[in-house]
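Convention: sequence-line order gives letters A, B, ...; per-chain numbering from 1.
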Number of protein chains: 2
Amino acid sequence: MADTAPRRRSRASAGLPPITAEKIIDAAVELTRERGLDGWSIRQIATRLDVWPGVVAHHVGDREAVVMGVTDRVISRIPVPGEDRPWRDWFRSMMVDGREVLRDYPGVARRLCVVGPNVPSALPTIDTGIRVLLAAGFGAEAPVVYRYLFNTAFTLVAVEDDRRHFPTARADMGRAMAAFAEDDSLPGLAVAGSTARTRGTDPEDIAAQETEFFLFTVERSLDGAEAMLTSR
Amino acid sequence: MADTAPRRRSRASAGLPPITAEKIIDAAVELTRERGLDGWSIRQIATRLDVWPGVVAHHVGDREAVVMGVTDRVISRIPVPGEDRPWRDWFRSMMVDGREVLRDYPGVARRLCVVGPNVPSALPTIDTGIRVLLAAGFGAEAPVVYRYLFNTAFTLVAVEDDRRHFPTARADMGRAMAAFAEDDSLPGLAVAGSTARTRGTDPEDIAAQETEFFLFTVERSLDGAEAMLTSR
DNA sequence: ACCTGAACACCGTTCAAGT
DNA sequence: ACCTGAACACCGTTCAAGT
């Protein structure tokens, strides 16, 4: 790995181009793809760029600033569906496409949920989404409905990210539930256990179950919003 | 603070009682209440107990083990509503009461969502909740509906925790949105901005808005589940 | 302006040695 | 069995000094 390797000679005197903030974020984005947003250090970025750690602070700022830079870049990759789509289609597309992007950069979904519209690249999506809800008849509740749908989908992606960092957690959970299948004293868990038993436990089965639950969550949250329209 | 203070003499020779795993988790729970689950170090726990850092590993294990111990203890404080309650009431109570407990221990909600039924103290709640859904007529879908409702509520609490660690984020978000109130080129954000303008920005206003959005999310998620019953 | 090189005050984990 | 005391391999941040 050689993540920590001291350098010897000045970049300028060696004829190398100067480091820029953009190159630092580039390296941080790539490290985030490989190891997640909490899986790299400022010193590892510096090593990749062949400079000393202080250079990162000089061009970008502290770790927090680097993380925000990465977040903004990743969010900008999420496509914004056309505003002519029916509201349920628009949100389903945005959520499913957003999940695809976010899953490649573990930890960014959590950040997105926490900082929300403070990430500039999220603004076009928010603007279009609220307009779509206005057109659907949500009126003054459009902003809160947007937040509700957005949060429900992407906090779930954040949890999926976290679970990948507990590689055994998924299998443990399945096994723990399955163990209750014949427990008469806990009939609720017994039902969950029977369900768990019928499902596969190898990685691709788990991935398919995750996607299935994500899509279930998306549809339920859309139903929850739709109930606001029909009860008028 | 004196979080790092070396000790001098043997506990045994000083007549002090031996450290136990329970006392270590006690100290960690208290530190979590004060600073959150990511706000303390193994060395700070050791300092509070007047021992060397290695003692924590000896009695409990690594940091992960201490965190799971804290999580289990905090979850055990969440009351389980009576199973005779109508399903919406049962879930509303569990979610609102759970939020009250979890908010006192920042970071635990996130853990709970990630490890789920691997925390032993969560099992009685899961068992009762699934039974309540079975009684309500959700049939084989009871387990997935339980997961959906649980996740929606407590991932939101996890985000609320995170936002408290970005003390400016909340106000920045409000100000950022309000700034779009007269932006004709972004009409969706303009609507959100107008809404943001009418709301207070001091801490207790923010707390009230957080609670309001939490309750909104809870009702919408319950509506989303209820739609599964009415469409049969 | 940009970068080096080092220092500072922290981490979690491990482990031989003492009691 | 329990704890000391130290070592190890890391962190993020800061900053005087060089170019």
Checking [X] side chain against [Y] main chain: does a donor-acceptor pair fall under 3.5 Å?
{"X": "B:S121", "Y": "B:D72", "result": "yes"}
{"X": "A:D183", "Y": "A:A190", "result": "no"}
{"X": "A:W90", "Y": "A:P81", "result": "yes"}

Please state how far atom [atom1] in [X] lies from atom [atom2] in [N], giving the value in whole angstrom units.
{"X": "B:D38", "N": "D:dG12", "atom1": "CG", "atom2": "P", "value": "15 Å"}
{"X": "B:R43", "N": "D:dG5", "atom1": "CZ", "atom2": "P", "value": "14 Å"}
{"X": "B:L49", "N": "D:dT4", "atom1": "CG", "atom2": "C1'", "value": "15 Å"}
{"X": "B:R35", "N": "C:dC10", "atom1": "CZ", "atom2": "P", "value": "12 Å"}
{"X": "A:H59", "N": "C:dC3", "atom1": "NE2", "atom2": "C1'", "value": "8 Å"}
{"X": "A:H58", "N": "D:dG18", "atom1": "NE2", "atom2": "C1'", "value": "14 Å"}
{"X": "B:Q44", "N": "C:dG12", "atom1": "CD", "atom2": "C1'", "value": "12 Å"}
{"X": "A:R63", "N": "D:dC10", "atom1": "CZ", "atom2": "P", "value": "16 Å"}

> Does any residue of residues 18-25 of chain A have a heavy atom under 4.0 Å from DNA chain D, and if so, which ones, in number order?
Replying inline: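 Going residue by residue through residues 18-25 of chain A, none turns out to have a heavy atom under 4.0 Å of DNA chain D.
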> What pairs with A:F180 under ring pair (Phe, Tyr, Trp, His ring centres under 6.0 Å), at least two apart in sequence or on another chain?
Replying inline: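 In terms of ring pair (Phe, Tyr, Trp, His ring centres under 6.0 Å), with neighbours along the sequence ignored, A:F180 is linked to no residue.
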>> Using the ring pair (Phe, Tyr, Trp, His ring centres under 6.0 Å) criterion, which residues pair with B:Y146? Sequence neighbours excluded.
In response: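 With neighbours one apart ignored, the set is B:F91, B:F150.
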>> Just to be sure I follow the notation: if a pair is Watson-Crick (purine N1 to pyrimidine N3 plus N6-O4 or O6-N4) or a G-U wobble (N1-O2 and O6-N3), each under 3.5 Å, what dot-bracket string does DNA chain C give, with | for pairs to another strand?
In response: ||.|||||...|||||.||
Taking only residues two or more places apart in sequence or in another chain, which ones pass side chain to side chain contact (heavy atoms under 4.5 Å, CB included) with [X]?
{"X": "A:D202", "value": "A:E204, A:D205"}
{"X": "A:D161", "value": "A:P106, A:A109, A:V157, A:R164"}
{"X": "B:E212", "value": "B:R199"}
{"X": "B:E100", "value": "none"}

>> Using the rule given for salt bridge (Lys or Arg N to Asp or Glu O under 4.0 Å), can you reason through A:R197 versus A:E182, listing the C-alpha separation, both sets of side-chain angles and the distance that settles it, and then say yes or no?
In response: CA-CA 11 Å; A:R197 277 219 173 152; A:E182 11 240 66; 3.5 Å; yes
> Can you list every pair that meets salt bridge (Lys or Arg N to Asp or Glu O under 4.0 Å) and has a residue in residues 16-26 of chain B, with sequence neighbours left out?
Replying inline: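 Only B:D26-B:R73 qualify under salt bridge (Lys or Arg N to Asp or Glu O under 4.0 Å).
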> Yes or no on side-chain hydrogen bond (donor to acceptor under 3.5 Å, both in side chains) for B:T152 and B:S221, after CA distance, side-chain angles and deciding distance?
Replying inline: CA-CA 7 Å; B:T152 301; B:S221 67; 5.2 Å; no
Any N/O pairs under 3.5 Å between the protein and nucleotides 14-17 of chain D? List them or say none.
none

>> Counting only heavy atoms and a strict 4.0 angstrom limit, can you tell me which residues of residues 66-74 of chain B come near DNA chain C?
In response: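 Hits under 4.0 Å, by residue number: none.
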> If you measure from the Lys or Arg side-chain nitrogens to the Asp or Glu carboxylate oxygens, is any gap between A:E30 and A:R48 under 4.0 Å?
Replying inline: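 Looking at A:R48 together with A:E30, the answer is no, because their closest N to O distance does not fall below 4.0 Å.
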>> With a 4.0 Å limit, can you tell me whether A:S41 has a side-chain N or O closer than that to the phosphate oxygens OP1/OP2 of D:dC10?
In response: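 For A:S41, the contact criterion (side-chain N or O under 4.0 Å from OP1 or OP2 of D:dC10) is not met.
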Donor-acceptor contacts under 3.5 Å from residues 62-71 of chain B side chains, at least two apart:
from: B:D62; atom 1: OD1; to: B:E64; atom 2: N; distance (Å): 3.4
from: B:D62; atom 1: OD1; to: B:A65; atom 2: N; distance (Å): 3.1
from: B:R63; atom 1: NH2; to: B:W40; atom 2: O; distance (Å): 2.5
from: B:E64; atom 1: OE1; to: B:R111; atom 2: NH2; distance (Å): 2.5
from: B:E64; atom 1: OE2; to: B:R111; atom 2: NH2; distance (Å): 2.7
from: B:T71; atom 1: OG1; to: B:V67; atom 2: O; distance (Å): 2.9

> What nucleotide among D:dG5, C:dG12, D:dT13 has an atom nearest to a side-chain atom of B:W52?
Replying inline: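 That would be D:dG5.
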